[in-house]
Amino acid sequence: QSAHRAGLRSFIRYGWRWSWRVAAFVTIFNTVSTGLSVYRNKTTISNFASAGAFTGALFRMHLGLQGLAGGFVFGTVFGIPAGGLLMIMQKFAGETLQEKRNRERRELYEQKLAEWQSRLSMMEVLGQTESNAQGGPETERPRES
């Protein structure tokens, strides 16, 4: 029991030290890869490799130029399989993020177009109703005496 408790304490102590680093790494990696995908309007392995290289270099920057280069290589090497795995999972899900983004954009455009057309037809109906209520501009003219 004491060994179990000691193991649990060390897991909590060192787990906390590494958890925020892993969370920051994943956040930066996902932000960069998503930003590149949106900017380039396509999802490719090079986006994930670039995101890994940037994140790895950022986390090893404090070690100088050698650490920066090592982090760049390390991030690229691990970004490629991570990106490939994510792309394969998206294919198995049936819809990639790019396809989903395009579909949502198209649906929003169609919804706004339908709303605009309904407003336009409502304005035309109101204009016809108003002119009929006034008797039409050409049917009744005041007579001059």
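Note that the coordinates shown come from a computational prediction; the quantities given were computed from them, not determined experimentally. Heavy atoms only: backbone and side chains are in, while hydrogens, waters and symmetry mates are out.
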Exercise for the section: Sequence neighbours left out, what passes ring-ring contact (aromatic ring centres under 6.0 Å, His included) with F29? Give chain and number order. Expected result: none
Practice task
Answer yes or no: are there more than 12 heavy-atom neighbours, outside E110 itself, under 6.0 Å from its atom CD?
Solution key: yes
Practice task
Could you identify which residues cluster with Y39, counting Ile, Leu, Val, Met, Phe, Trp and Tyr as linked when any side-chain heavy atoms lie under 4.5 Å apart, either directly or through a chain of such contacts?
Solution key: none
Practice task
Give a yes or no on whether F74 and M61 share a hydrophobic cluster (residues Ile, Leu, Val, Met, Phe, Trp, Tyr; joining criterion: side-chain heavy atoms under 4.5 Å apart).
Solution key: no
Handout entry: Atom pair OG (S50) and CD1 (I80), whose distance is rounded to the nearest 0.5 Å
Key = 9.0 Å
Exercise for the section: Determine whether T44 and M87 make a side-chain contact, defined as any pair of heavy atoms from C-beta on separated by less than 4.5 Å. Expected result: no
Practice task
Could I get the full list of side-chain contact (heavy atoms from CB on, under 4.5 Å) partners for I88, not counting sequence neighbours?
Solution key: F92
Problem - Other ILVMFWY residues reachable from I12 by side-chain steps of under 4.5 Å - result: L8
Fill in the blank from the handout: In this structure, CG of L36 is separated from CZ of F54 (nearest 0.5 Å) by 10.0 Å
Exercise for the section: Output every pair passing salt bridge (Lys or Arg N to Asp or Glu O under 4.0 Å) with a member in residues 67-95, not counting sequence neighbours, ordered by first then second residue. Expected result: E95-R103
Handout entry: Sequence-distant partners of R119, side-chain contact (heavy atoms from CB on, under 4.5 Å), two or more places apart
Key = E115
Handout entry: Residues in side-chain contact (heavy atoms from CB on, under 4.5 Å) contact with L86, at least two apart in sequence or another chain
Key = F48
Handout entry: Closest contact, heavy atoms only, S121 versus S118
Key = OG-O, 2.9 Å
Problem - Shortest non-hydrogen separation from G83 to I45 and the atoms involved - result: C-CD1, 3.9 Å
Handout entry: Minimum side-chain heavy-atom gap E107-Q111 below 4.5 Å
Key = no
Fill in the blank from the handout: Sorted by chain and residue number, the side-chain contact (heavy atoms from CB on, under 4.5 Å) partners of L65 (sequence neighbours excluded) come out as L68
Completion exercise
Here the gap from L108 atom CG to K112 atom NZ, rounded to the nearest 0.5 Å, amounts to 4.5 Å
Handout entry: Of all pairs that satisfy salt bridge (Lys or Arg N to Asp or Glu O under 4.0 Å), the ones with a partner from residues 40-67, not counting sequence neighbours
Key = none
Handout entry: Partner set under ring-ring contact (aromatic ring centres under 6.0 Å, His included) for F72, not counting sequence neighbours
Key = none
Handout entry: Derivation and outcome, side chain to side chain donor-acceptor pair (under 3.5 Å), residues S37 and N47
Key = CA-CA 7 Å; S37 294; N47 291 351; 3.2 Å; yes
Exercise for the section: Starting from V26, walk the hydrophobic network (Ile, Leu, Val, Met, Phe, Trp, Tyr; side-chain heavy atoms closer than 4.5 Å) and list everyone else you reach, by chain and number. Expected result: V22
Handout entry: Under the ring-ring contact (aromatic ring centres under 6.0 Å, His included) test, residues paired with F59 that sit two or more places apart
Key = F25
Problem - Side-chain donor or acceptor of S33 paired with backbone N/O of N30 under 3.5 Å - result: yes
